[in-house]
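As a basis for the values below, the full set of heavy atoms in this structure was taken, side chains included, without hydrogen atoms, waters or symmetry mates. Numbers restart at 1 for each chain; the letters A, B, ... are given by sequence-line order, proteins then strands.
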There are 2 protein chains.
Amino acid sequence: MPKHDASMSVVKRLPRYYRFLSDLKDNNIVRISSRELSDKMGLTASQIRQDLNCFGGFGQQGYGYNVAQLHNEIGMILGLSSKFKAIIIGAGNLGKAIATQMSFEKRGFSLIGIFDNKESVTGQMINGLPVRHVSGLEEFCSENRPDVAILCIPRDAAPKVAEQLVGLGIKGFWNFSHYDLGLKYKDIPVENVHLSDSLMTFCYKVKEASEK
Amino acid sequence: MPKHDASMSVVKRLPRYYRFLSDLKDNNIVRISSRELSDKMGLTASQIRQDLNCFGGFGQQGYGYNVAQLHNEIGMILGLSSKFKAIIIGAGNLGKAIATQMSFEKRGFSLIGIFDNKESVTGQMINGLPVRHVSGLEEFCSENRPDVAILCIPRDAAPKVAEQLVGLGIKGFWNFSHYDLGLKYKDIPVENVHLSDSLMTFCYKVKEASEK
DNA sequence: GCCAAATTGTCAATGTTTTAACAAAACTTT
DNA sequence: AAAGTTTTGTTAAAACATTGACAATTTGGC
């Protein structure tokens, strides 16, 4: 039961807390204070306490936070025990990398299908799943009811595919395409990963640093 | 010549402006007002004017902005005509995807080498470059002086590799490893792409939306 | 069982980012 | 070339996010 509604800035920090707590747990550390955690993470202790308090009082005065419990709580807040059914659209290098390298099961998802529009790749097995041709998308969706789609397709293909998927009942997009979803579908959750944008931002940082 | 120093929030929006301006240019649109652009991008016109003004007055009252000129200016600010020499460490699925799908040349970089620690993949050609064994990293660096490294390696390998690369003169990291660089190297530019974190944030959004 | 040390949850203050408002400047039409 | 329209650059206000401070509470040692 959330106390206040958490802002997106807070939510975006939760995975990082989760990651650090996993690590502490692996090292058999049982308790930690906001101060110690802040040192490890490069944040202020105040921010940590404030962030966590958006969701409830997980700590105890004079003691700190129980690592395992806090780890678990944050997992619950993020919804990592969900099993949202996901499909990947686009089995190019990126789609393949996502399919093979992400631990979907630990992050609230279950990968149930991979699609591509090129005949040449359909049938290929990736991580135990066959690449299907997009022509079978409609049938697959009505049979398997996937919740979300992961778009690893070129920019030009994105609007049309997204439109189709929304029509087939897709309720969220993890979008790697070079196209801004979320402008059109305001009520559907979209998480964009614009690698090109990230690379350009990186370029700016490198340039700035080299000028000093 | 920057007027004020731009904050990171502003800089992070520049690639997106750049992207939309590219598109306008492709469609032969010559001028645009902050109002029209704000409609297209889903921002306030005020924010656009404020953002652009961090770097100088590119617009003209009563007219708006010249698309081609503004596009060019933002490219300059980002430093996209730089040719920072980049190497990729890790030729797994992700490293391969990055190597083949990113337009480095258009984003201020030039990819000059790909490395992996597995003998089995060395020698393989990716996008015209041979995968080299990491044992040759030192020699390669002293010969070719790469500026930045792109880390597509597992979490555990990251700290050590980063340390070595800093020693070899690397001046920036585009980091895909599940590890927080930038805590240790405060003066070296780091751009993190934590896909797992993004997936968890996405999970939260989907969960929230499904509860309404 | 009491006292000192530790540490949270929360409130207030500070800092940052976004939005709104508008005078000044340039464009367009007549 | 004058009048009206558009639209910027900029200042001020509002919203949001982070940090600091401290009372309240629990721990742990003696």
*Taking for each residue the nucleotide of DNA chain D with the nearest heavy atom, is it A/Met8 or B/Gly64 whose nucleotide lies nearer the 5' end?*
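Between the two, 5'-proximity favours B/Gly64.
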
Length of the [atom1]-[atom2] vector between [X] and [N], whole Å:
X       : N      : atom1 : atom2 : result
A/Asn66 : D/dT26 : CG    : P     : 16 Å
A/Gln61 : D/dT26 : CD    : P     : 6 Å
B/Arg49 : D/dT7  : CZ    : C1'   : 7 Å
B/Leu70 : D/dT7  : CG    : C1'   : 15 Å
B/Asp51 : C/dT17 : CG    : C1'   : 10 Å
A/Gln60 : D/dT26 : CD    : P     : 7 Å
A/Lys12 : D/dA17 : NZ    : C1'   : 13 Å
A/Arg13 : D/dT18 : CZ    : C1'   : 8 Å

_Test item: B/Asn66 side-chain N/O and B/Gln69 main-chain N/O as donor-acceptor pair under 3.5 Å_ =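 Yes, the answer is positive, given that a donor and an acceptor are paired below the 3.5 Å cut-off.
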
Would one find a side-chain N or O of [X] under 4.0 angstrom from OP1 or OP2 of [N]?
X       : N      : answer
B/Tyr63 : D/dG9  : no
B/Ser7  : C/dT17 : yes
A/Thr44 : D/dT19 : yes
A/Arg35 : C/dA5  : no
B/Asn53 : D/dT8  : no

*Check: A/Tyr185/A/Glu163 side-chain N/O donor and acceptor closer than 3.5 Å*: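 There is such a pair (donor and acceptor under 3.5 Å, judged by atom type) between the side chains of A/Tyr185 and A/Glu163.
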
*asked:* Is it the case that the ring center of A/Phe202 lies less than 6.0 angstrom away from the ring center of B/Phe173?
replied: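 Centroid distance B/Phe173-A/Phe202: not below 6.0 Å, so no.
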
*Is the NZ atom of A/Lys40 crowded by more than 12 outside heavy atoms at less than 6.0 Å?*
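No, because the 6.0 Å sphere around NZ of A/Lys40 holds 12 heavy atoms or fewer from other groups.
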
*Kindly indicate whether the side chain of B/Gln50 and the base of C/dT19 share any N or O donor-acceptor pair separated by less than 3.5 Å?*
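Answer is yes: a donor-acceptor pair is held.
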
*Between A/Gly62 and A/Ser46, which is nearer to the 5' end of DNA chain C once each is assigned its nearest nucleotide?*
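By nearest-heavy-atom nucleotide position, the 5'-most residue is A/Gly62.
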
*Among D/dG28, D/dT18, C/dC27, the one nearest A/Gln47 by side-chain distance*: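 For A/Gln47, the side-chain atoms sit closest to D/dT18.
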
*For B/Arg31, check salt bridge (charged side-chain N to carboxylate O under 4.0 Å, His left out) against everything at least two apart and list the hits.*
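B/Arg31: no salt bridge (charged side-chain N to carboxylate O under 4.0 Å, His left out) contacts found.
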
